[in-house]
Amino acid sequence: MRFWRRPHGDSTLGSVDNAAVAAVFAEMGDLLAIVGGDTYRSRAFRNTARVIEGLRAPLKDLRMLGQLTSVPGLGAGSIERVHQILQTGTCPEHQRLLARLPRGLQALLQVRGLGPRHARLAWEHLGVTSLEHLELAARSGLLARVPGIGPLTVERVLRDLDGRKQAPPARLLLSEAIVLGDALVAWMLDDPHTIKAEQTGSARRRRETVGDLDVLVASTRPALSSTRFTAFPGVREVLMAGDGRASVILDNGVQADLRLVAAENWGAGQHYFTGSKAHNIAMRLRANAHKLALSEVGVWERKLRGRGRGEDNRQLARRLSPCTDEHDVFAALGLPFIPPELREGEGEIEAAIAGRLPSLVEDQDLIGETHLRARTASDALQLAHALGRRGRRWAIWVRPAVELVEHEARRRFRQAARRIGSTTGVDILCGVEVGIDLNGAMVATNGTLETLGSNVLDDICAAVDVVLGDVSVPPDVTVDRGLATARVLSAISSGRFHGLMRLQGRRLPNAPAGLDIDMRMVLLAAARQRVFVEVSGEPDRLDLDARGCRVATETGALLAISGRPQDNQHLGQGRFALWQARRGWVTAAATVNALPLAQLRTHLRLSLVGSDVDDVVHTGDHELGTAVDDSSDDSSDDGSDDSSDDSSDDSSDDPLFLPHRRQELRVRLAAFLHGESDPELLGVLLKRGDNTLLSAFAILNGLAQDGSDG
DNA sequence: GCCGTTTTCGGCCCGACTGTTTTCAGTCG
Ligand SMILES: Nc1nc2c(ncn2[C@H]2C[C@H](O)[C@@H](COP(=O)(O)OP(=O)(O)OP(=O)(O)O)O2)c(=O)[nH]1
Ligand SMILES: [Mg+2]
Ligand SMILES: [Mg+2]
C-alpha cells in the first residue's frame, strides 16, 4: 500500500538491546554454575540477567542518563560489564568463560533433570558439548557409566529429548492456561480428600504467557491426592510423585505441577506457589532480616543466623503462624497484602514497606467499556445489555473507517447508537478506527487497497465522538525505533486522535516484544496531549503490555482498558486487559474507563485542544522529516557538514549548541524527553515552536548521527 | 557479585523428590 512506503532508506545498524545484554549475563551465570566454585556468584549473574530483562528503559538510555547506579541489583561490577557488552557484545569475564568451556554446554541445562553438575560430568568424561552429543552419549550407554550419572537419569534425559522433538517447549497464552488449569482444578475438586484446589503460579499472577500449570491442593490425605493428580486423564508421563508434590507431562506436552499442603497452611502454600521465584526469595530475605523464616508451611522464629544444608527450620524454632490465610504471610512480616499481579520481584516489597503500594484498578471501577467491536447493530445491542448487567454505564462502539465512508452509513451508525443507549441505559459513543502512516498522518485502514481522501476522513472524524488511531504496521514493513517513535509522536501532536491502539503491534506468544519504540517518550507525549492508549483484552495481543502500563502510570498517560468484544461470546476477555493493567501498577484514576460520561466528553475535547490541526501537523511533519532523514543517512560522515541543516533554526545559536556541549545537550534532551524538567532547555526549545517534545526529539536524532553512543 | 534501621564483612530462600550415595548431592518448583 502506498502509505506504507518508508520516507527514508533502511538503517540496519545492529544494536545491542537489553535482551542481548541479559542473555550474556545469563550465559555467564550458567557457565559459572557448570564450572562450579562460588554458587553465589553464579546466582548473582543470573539475577542480574533477570533485573535487566525487567528494565523499563534501554540500558543505553540509562547509561546516558547516568541512572544505571540506581538500578537495584546492578552493582559496580555489572555496570562495568554492561558498558563493555553494549559496546562489544561481550566482556572479559564472558570471554574467559568461553575460553574455558565450550559454548554448547549451556544448552544442556535445558534438559529437564540435568543440571550444571551433570553437564560438567558429561563434558569432562565424554566430551559432550551439545544436545546432539548428549543424545548420542545417552543412547550408546556411555552416559550411564559416568560416575555420578546412572541409568535412570539417562532414561529421563532421553525421554525429555524425545519430548522436545515432538513439541518444542512453548509458553501458553494466559487464556489457554486458565482453561487447562480449570480442568485440572475441577478434577482435583472432584475427590473426597480435596479440601481446596486452585491454580497458582504465573497464571494467578496473570502473566501474559504461562509456562506450566501449577495447582495447589489442600488435602486431608496427601498421598491419595497425589495419586489422584497423576491419574488425571490428560497425563502422558509422571515425572515424580510424592505426598508433598507431584509433576506430570500432559498429552499436549504441557507440564503440570501439584503442591499439597495441610488446610491450615493454605495461605502459606498459596503464597509460595504463586511466586514469583524472585518475589519469594525477596520475601524470605525480609523474613530472615527479622529473625523469622518463611516457607510454604508458615512463618517461624529463627534462632540461628545461618542454616546448614538439611537443617530444618521447624526443628530449630517455634512456629509463629501457620498462615491459613494468605494475608497472614504478609502480616507476619509487617506488610500489607501484595496483590498477585505485582509479585514479580520488581519493587513491590519495597513499595509495600514504604506504604506506597498502588490501589490497583478493579472491575468495579470500570464504569465504561472503551472498545466495543460489534459488526452489527444487533450484536451491539446484545453487548450493551450484557455490559449494563456488569455495571458499565457507557461504551464506545468502534467501527473501521471504511464502513463509514457514506454519509448515510454514518447517520445510521449514530442513530443505532442512540437507540441502543436509550433501550439499554448504557450510553453508546460512536468511534472510528483509522490507520497511521509512517509520517504519523491519519490514513484509512482498508483491506481493499483503496485509500480514503482526506476530506472523507475529515467528514468521518467529525461525525463520531472518538477517533482511535491504529499504530500497528503490516508485518512486512520494518520500522526502526527512531521512526516508530517519531511517527507516533507526530500522530499524538497532530491533535487528530483521541486514542491510540496497538502501540506495540505485538502477537503472543511468539512476538511478545512487538515493535521497538521509546515507550516512555511516547507515553509522556500522550499524557501531555491527553491522548489515551488502549490496553487490548484480545488474548493473543494484550497490547499495551504490562510493562508499558507501568510506564504509563509513571508518565501519567491515561489508559483505556478495552475488552474489544465482537459479540457476547467475547465479553469475558475484558478481564485480560484489566489484569495486564493491574500488573502495570495501574490505579482507577489512570483509566478512561473510570470516568463518568460527562468527564469523558470533556477529556475527549482536550485531546484535540490546540487543534489548529493543520498547523501542528505541518510543523510535526517538517521536524520529523529532518530527524528521520538525518538518522538514516550514511552515518559514517565525519561530522564536518552535519550541522548545516539546522543552521537556519532560530535557536541554533544558543550556547547550548556549541560543539563542546554536544554530549551535555544530548543527555539533557534525553532527560527532557523522559519527563525531567529543564527550564533552560525548555526556553531554547520554545524558540523553535510550540511542540517542544517534537523539537527535542528532532535535535536529539540529529545529534545521534555523530555515531558515538556517548 | 550484591548488599546493609542490627552488618562495609559475611551473609546470600527453602523444602520435596530422586538416584546412587553408604549418608547425601543434585535438581527442581
Ligand atoms: N521459594 C522458591 N519458590 C520457587 C522457586 N522456584 C519456583 N518457586 C515457586 C514460585 C513460582 O511462581 C512457583 C511455580 O514455579 P514455576 O516454575 O511454575 O514458575 P512460574 O509459574 O512463576 O512461571 P512459569 O510461567 O511457569 O514459567 O513456585 C524457588 O527457587 N524458590
Ligand atoms: Mg508455572
Ligand atoms: Mg511449575
Side-chain angles (χ1 to χ4, degrees), chain A residues 25 28-29 32-34 36-51 69 71-81 93 109 111-121 144-157 160 200-202 211-216 222 226 238-247 255-261 265 268-269 271-300 302 304-316 334 345 353:
Chain A
F25 277 98
M28 289 192 287
L32 279 167
I34 295 171
D38 186 359
T39 57
Y40 294 111
R41 199 151 174 273
S42 161
R43 279 175 42 176
F45 276 103
R46 287 173 170 170
N47 191 53
T48 299
R50 180 190 67 84
V51 166
T69 48
V71 178
L74 286 192
S78 287
I79 290 174
E80 169 84 19
R81 293 188 172 97
E93 177 74 25
L109 301 184
V111 177
R112 189 177 26 243
L114 194 145
R117 185 78 206 182
H118 289 155
R120 177 174 176 174
L121 287 173
R145 289 215 287 277
V146 173
I149 303 180
L152 291 171
T153 300
V154 173
E155 226 170 89
R156 212 173 129 110
V157 164
D160 184 65
T200 54
S202 48
D212 65 0
L213 309 175
D214 301 299
V215 176
L216 179 70
S226 179
V238 178
L239 297 175
M240 59 176 230
D243 59 7
R245 63 189 320 144
S247 291
Q255 179 166 334
D257 296 323
L258 169 75
R259 173 78 230 206
L260 295 155
V261 292
N265 297 135
H271 180 263
Y272 154 71
F273 218 24
T274 297
S276 64
K277 173 180 172 177
H279 168 88
N280 285 357
I281 291 177
M283 286 285 285
R284 289 166 185 216
L285 283 170
R286 175 169 171 84
N288 293 352
H290 289 249
K291 296 192 176 183
L292 300 173
L294 167 65
S295 79
E296 54 270 40
V297 288
V299 175
W300 303 69
R302 200 171 195 265
L304 304 176
R305 276 197 81 85
R307 197 178 63 110
R309 213 196 149 100
E311 282 180 271
D312 192 320
N313 274 314
R314 284 162 296 183
Q315 289 156 14
L316 295 174
I353 293 170

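Below, chains carry the letters A, B, ... as their sequence lines are ordered, and counting in each starts from 1.
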Would you mind classifying the nucleic acid contact of A:I281 as base, sugar-phosphate or nothing, using non-hydrogen atoms under 4.0 angstrom? base

Does A:S295 put a side-chain nitrogen or oxygen below 4.0 Å from OP1 or OP2 of B:dC13? no

Could you tell me whether A:V111 contacts a base, only the sugar-phosphate backbone, or nothing, with contacts defined as non-hydrogen atoms closer than 4.0 Å? sugar-phosphate

P gap between B:dG26 and B:dT20, integer Å: 13 Å

Close side-chain approach of A:I79 to A:T69, heavy-atom, < 4.5 Å: yes

I'd like the C1' distance from B:dT5 over to B:dG1, given in whole Å. 24 Å

Does the structure show a Watson-Crick or G-U wobble partner for B:dT8, both distances under 3.5 Å? Name it, or say none. none

At less than 4.0 Å, is any side-chain N or O atom of A:R284 found next to OP1 or OP2 of B:dG11? Yes or no. no

Counting any heavy atom closer than 4.0 Å, what does A:N47 reach on the DNA or RNA strands: base, sugar-phosphate only, or nothing? nothing

Is any side-chain nitrogen or oxygen of A:R117 closer than 4.0 Å to OP1 or OP2 of B:dG26? yes

Residues A:P222 and A:D243: closest non-hydrogen pair is CB-O, 3.2 Å

Ignoring backbone atoms, establish whether A:R81 has a side-chain N or O less than 4.0 Å from OP1 or OP2 of B:dG1. yes

Pair A:R41 + A:E93, salt bridge at N-O below 4.0 Å: yes

Candidates B:dT27, B:dC13, B:dG29 - which lies nearest the side chain of A:N288: B:dC13

